[in-house]
Amino acid sequence: MVLIFAVNQIFSIVCAAVAVVAATTLACIYLPMLRRLRRALHGASDEGIASGKQTMPVSVVVYTYANSAGLAEVIEGLKSQDYDAPTEIIVVNDGKDNGVNDFLTVAEMSCPNLRGTFTPHDTRNISRKKLAITLGIKAARYPVVLLLTSESRLPGPHWLASMAAPFGDDRVDMVLGYAGPGEKDVAHGLIGRGLRHDILLSDIEWMSDAIGGCPWRGDGDNIGIRRSMFFERMGFGNSLNLQYGDDDVFVSEVATGDNVAAVFTAQSRVTTEAPADMPKYYLAKRERHAMMNAYCTRRPSMRIILSSVLPWVWLLSTLAACVPALWNIRKDFTVEDMIVTYSMLGILMVTAVAVWLLFGVAFNKVSISLADRPLRWSVPHMLLSRLLRCRGWRRHKAPRSWQQPR
C-alpha cells in the first residue's frame, strides 16, 4: 500500500509540474502579444494625421459581387472622407451584376471621381476575385491603392487619411488594416460566439505579428498597397492556382518587416456587414482564411499549434494531478505527505487563478478595444475550444481556381 501511494504521489507531482509549465508557456505566448496589440490600438492618435495636409494621391478599389446595397454605403462613406489630395474610386463589379451596374450609372453622375469596371460572368481557370482586384489596380491612376469590398463599413471621415499616411515613407509598400464583424450582424445572430472567438484569436495573432515586424497575413476588406510593388511582384502570379489567397497568401509572399506598416488605430479600423443573401458570410470568410493558412509561408505554425494544444495540456494535467492526490487523502496521512499534497494543490490553484485572471483582463481589454464587446468569463472556453475548431477547419481543402468559377 505504501509503494502504491508513493507511485500515485509521484505521478501527481509530475502532472502538476506539467500543468504549471503549460500554463506558464501559454502566458509567455499570449501576454506579450496582447500587450503589444493593446499598445498599438491605443497608440498614436488619428487627430494629428487627420488635421495634417495630405499630399499623397490615392486610388480606392472597391470589389463587389452582387451587393449594390452594400456598395452604396461604401461609396457614401468614401464621398464623406476628409482628404485634401486627389482621390479616385474604382468599383470592380465581379460578374457584371445588373443591380450594381444600375447603381454605378446613377452614382457616377454625382461623383465625378468614381469609375467602374467588371469581370465577365464566363471567366474560368482563374480566381474571379484576384482577377477583379488586378483589373482595379491596373485601372488606378495613382501610386497608392487602398482595397475595400462592398461589405466594408468605414469608421468615419478620417479612414482614408489614416490608411494613406504610412505611404509617405518610401520604404512602405503595404499597409495592413483591421476589419472585424459589425455590431449589427453580431446582434442579429449572423455570427455565433464560437466563430466570433475563433476570428478574434486569429486576428490577434496576425495583427500582433504585423506590429512586431513579422507580417504574414492581412484582411482584404481593409488593406493598402503601392501599385508599383504589385506589378513588380507580378501581382497574384504565384498563387493563381488557388481560388483564394488574394490577401493572406499575397501578404505572406511580399511582406517583410521593413516594407509593411500596420495601422490599427480607431479611425483606420473598418467593420464588415454580411450581404442580405449570405447568412453564412462570416463562416465562409473564416473557412477561406483557415484553408489559406497552409500557404502562408511566414505563418508561425509551431506557435499556433502550441497555443491550441497547451490549454488542453494544462487542463488534463491539472485533473490528473488533483484526482490521485484527493483520492489518497486519508486519516493515516503522515505530516510529510500532507505538506506535499496540499502544497501541490495550492500551487495548482494559484497558477490557475493567476494565469486565467491575467488572460481574462488582457483578452477583455483587446476585445473591447477592437469590437467594443467584452469576453467576460468566456476566455477559458475560447482557448480550450480552439483546438476542436481548428481540426474542423483542416478538413476543408483549398479549392483550385479551375474547380469553381468564383
Compare every heavy atom of [Y] with every heavy atom of [X], then report the nearest pair and how far apart it is.
{"X": "V263", "Y": "S268", "result": "O-OG, 3.2 Å"}
{"X": "D219", "Y": "G177", "result": "CB-O, 4.4 Å"}
{"X": "Y65", "Y": "D94", "result": "CD1-O, 3.4 Å"}
{"X": "A274", "Y": "D185", "result": "N-OD2, 2.8 Å"}
{"X": "M56", "Y": "P143", "result": "SD-CG, 4.5 Å"}
{"X": "V18", "Y": "S317", "result": "CG1-OG, 3.3 Å"}

Beyond-backbone contact of [X] with [Y], side-chain heavy atoms, under 4.5 angstrom:
{"X": "V91", "Y": "I75", "value": "yes"}
{"X": "V61", "Y": "I133", "value": "no"}
{"X": "L26", "Y": "W314", "value": "no"}
{"X": "V270", "Y": "P155", "value": "yes"}
{"X": "S12", "Y": "M344", "value": "yes"}
{"X": "I29", "Y": "L310", "value": "yes"}
{"X": "D248", "Y": "W206", "value": "no"}
{"X": "V74", "Y": "I89", "value": "no"}

Taking the side chain from [X] and the backbone from [Y], do they hold a donor-acceptor pair closer than 3.5 Å?
{"X": "S202", "Y": "I199", "value": "no"}
{"X": "N101", "Y": "N93", "value": "no"}
{"X": "N67", "Y": "G70", "value": "yes"}
{"X": "R115", "Y": "E108", "value": "no"}
{"X": "N364", "Y": "G360", "value": "yes"}
{"X": "R298", "Y": "A255", "value": "yes"}
{"X": "R36", "Y": "S208", "value": "yes"}
{"X": "S367", "Y": "R373", "value": "yes"}
{"X": "S152", "Y": "L148", "value": "no"}
{"X": "R153", "Y": "T271", "value": "no"}

Rounded to the nearest 0.5 Å, what's the gap from [atom1] on [X] to [atom2] on [Y]? Could you check?
{"X": "M174", "Y": "T256", "atom1": "CE", "atom2": "OG1", "answer": "9.5 Å"}
{"X": "F250", "Y": "C296", "atom1": "CZ", "atom2": "SG", "answer": "12.5 Å"}
{"X": "S150", "Y": "L71", "atom1": "OG", "atom2": "CG", "answer": "6.0 Å"}
{"X": "M302", "Y": "S307", "atom1": "CE", "atom2": "OG", "answer": "11.5 Å"}
{"X": "F264", "Y": "L41", "atom1": "CZ", "atom2": "CG", "answer": "8.0 Å"}
{"X": "L370", "Y": "R38", "atom1": "CG", "atom2": "CZ", "answer": "11.5 Å"}

Suppose we call two aromatic rings close when their centres sit under 6.0 Å apart. Are W356 and W377 close by that rule? no

Answer yes if the ring centres of Y295 and Y244 are under 6.0 angstrom apart, and no otherwise. no

Walk me through it: do N222 and Y178 pass the test side-chain hydrogen bond (donor to acceptor under 3.5 Å, both in side chains)? CA-CA 6 Å; N222 188 19; Y178 173 75; over 6 Å; no

Going through the distances and angles, do E151 and E273 end up as a side-chain contact (heavy atoms from CB on, under 4.5 Å)? CA-CA 5 Å; E151 288 74 48; E273 187 173 307; 5.6 Å; no

Quiz item: cation-pi between K129 and Y63, 6.0 Å / 45°: yes

Verify side-chain contact (heavy atoms from CB on, under 4.5 Å) between V106 and D102, making sure each step is shown before the conclusion. CA-CA 7 Å; V106 176; D102 294 341; over 6 Å; no

Verify side-chain contact (heavy atoms from CB on, under 4.5 Å) between T149 and T64, making sure each step is shown before the conclusion. CA-CA 6 Å; T149 66; T64 182; over 6 Å; no

Determine, step by step, whether L146 and W159 satisfy the side-chain contact (heavy atoms from CB on, under 4.5 Å) criterion, reporting the C-alpha distance in whole Å, the side-chain angles of both residues, the deciding distance to 0.1 Å, and the verdict. CA-CA 11 Å; L146 302 182; W159 168 82; 3.7 Å; yes

Take atom CZ in R303; do more than 12 heavy atoms of anything else shown fall under 6.0 Å from it? yes

Audit row: H197, S385, side-chain hydrogen bond (donor to acceptor under 3.5 Å, both in side chains) steps and yes/no: CA-CA 9 Å; H197 288 170; S385 61; 5.6 Å; no

For Y142 and F167, what are the C-alpha separation, side-chain angles and deciding distance, and is it a ring pair (Phe, Tyr, Trp, His ring centres under 6.0 Å)? CA-CA 12 Å; Y142 300 130; F167 286 106; over 10 Å; no

Salt bridge between R171 and D258, side-chain N to carboxylate O under 4.0 Å? no

Using a strict threshold of under 4.0 Å (side-chain N to carboxylate O), is an ion pair present between E73 and K79? no

Under 3.5 Å, is there a donor-acceptor pair linking the side chains of K130 and S239? yes

Identify which one of D209, D247, D203 satisfies the salt bridge (charged side-chain N to carboxylate O under 4.0 Å, His left out) criterion when paired with R217. D203

Considering the options R233, R227, R226, which one meets the salt bridge (charged side-chain N to carboxylate O under 4.0 Å, His left out) requirement together with D173? R226

Before giving the answer on side-chain hydrogen bond (donor to acceptor under 3.5 Å, both in side chains), spell out for Q267 and S162 the whole-Å C-alpha distance, their side-chain angles and the decisive distance to 0.1 Å. CA-CA 7 Å; Q267 291 292 348; S162 299; 5.8 Å; no

